[in-house]
Student: 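Starting off with a structure, shown below.
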Amino acid sequence: MANDGALRSAIVWLSVIIVLVGISTLSLKKMMITYAFGMVGISGILLPDWDFFDRDFSRWCYPVTADERTALQARRSGFKRYRIYPMRVIIYATIYSIGLYKWWMFMSS
């Protein structure tokens, strides 16, 4: 992962949410579920090597060469680095919506 600062800030915000859940529900079980859901959510967005997955599907079986990585980095900078793929957005939105709904139902019970 290239941006450790984003990972650190996401984990800090997750800990704040866990503390708030613990204070409001007084349930260690709900705090642990929140931790697990949050870590899975963070790892699904921040940790994947998007340079690896932004290649052609047929190249996924092979490691990223140094030439490919520098070419990918040179093409993108700043916000252009994270391209929006409709299928990726649909899959993430569906998975996280279902997970968030189930987490909310568990928290409100």
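Keep in mind that the numbers below use all heavy atoms, side chains included, and drop hydrogens, waters and symmetry copies. The structure presented is a predicted model; accordingly, all values stated were derived computationally and were not measured.
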Student: Same cluster for M39 and L7 if Ile/Leu/Val/Met/Phe/Trp/Tyr side chains link at under 4.5 Å?
Tutor: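 M39 and L7: one cluster.
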Student: Applying side-chain hydrogen bond (donor to acceptor under 3.5 Å, both in side chains), can you list everything that pairs with S58, at least two apart in sequence or on another chain?
Tutor: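 Partners of S58 by the side-chain hydrogen bond (donor to acceptor under 3.5 Å, both in side chains) criterion, ordered by chain and then number, come out as D56.
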Student: Looking only at heavy atoms, what is the nearest atom pair of V21 and T25, with distance?
Tutor: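 Closest approach of V21 to T25, heavy atoms only: O-OG1, 2.6 Å.
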Student: I'd like to check the side-chain contact (heavy atoms from CB on, under 4.5 Å) partners of S9; sequence neighbours left out, ordered by chain and number.
Tutor: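 By the side-chain contact (heavy atoms from CB on, under 4.5 Å) rule, S9 matches no residue at all.
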Student: Scan the side chains in residues 95-109 for donor-acceptor partners under 3.5 Å anywhere in the protein, sequence neighbours excluded, and list what turns up.
Tutor:
from, atom 1, to, atom 2, distance (Å)
Y96, OH, G41, O, 3.1
S97, OG, A93, O, 2.5
W103, NE1, T34, OG1, 3.0
S108, OG, W104, O, 3.0
S108, OG, M105, O, 3.3
S109, OG, F106, O, 2.8

Student: To check you understand the geometry: which heavy-atom pair defines the closest contact between I11 and I42, and what is its length?
Tutor: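 Heavy-atom minimum between the residues: N-CD1, 4.1 Å.
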Student: Check this for me: M32, atom CE, are more than 12 non-hydrogen atoms of other residues, nucleotides or ligands nearer than 6.0 Å?
Tutor: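 Counting neighbours around CE of M32, 12 or fewer heavy atoms of other residues, nucleotides or ligands fall under 6.0 Å, so no.
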Student: So, taking the atom named CZ in F37 and the one named CG in L14, what distance separates them when rounded to the nearest 0.5 Å?
Tutor: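 F37 CZ to L14 CG: 10.5 Å, rounded to 0.5 Å.
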Student: Calculate, to the nearest 0.5 Å, the distance between atoms NZ and CD1 belonging to K30 and I18 respectively.
Tutor: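 Going from the NZ atom of K30 to the CD1 atom of I18 covers 15.0 Å.
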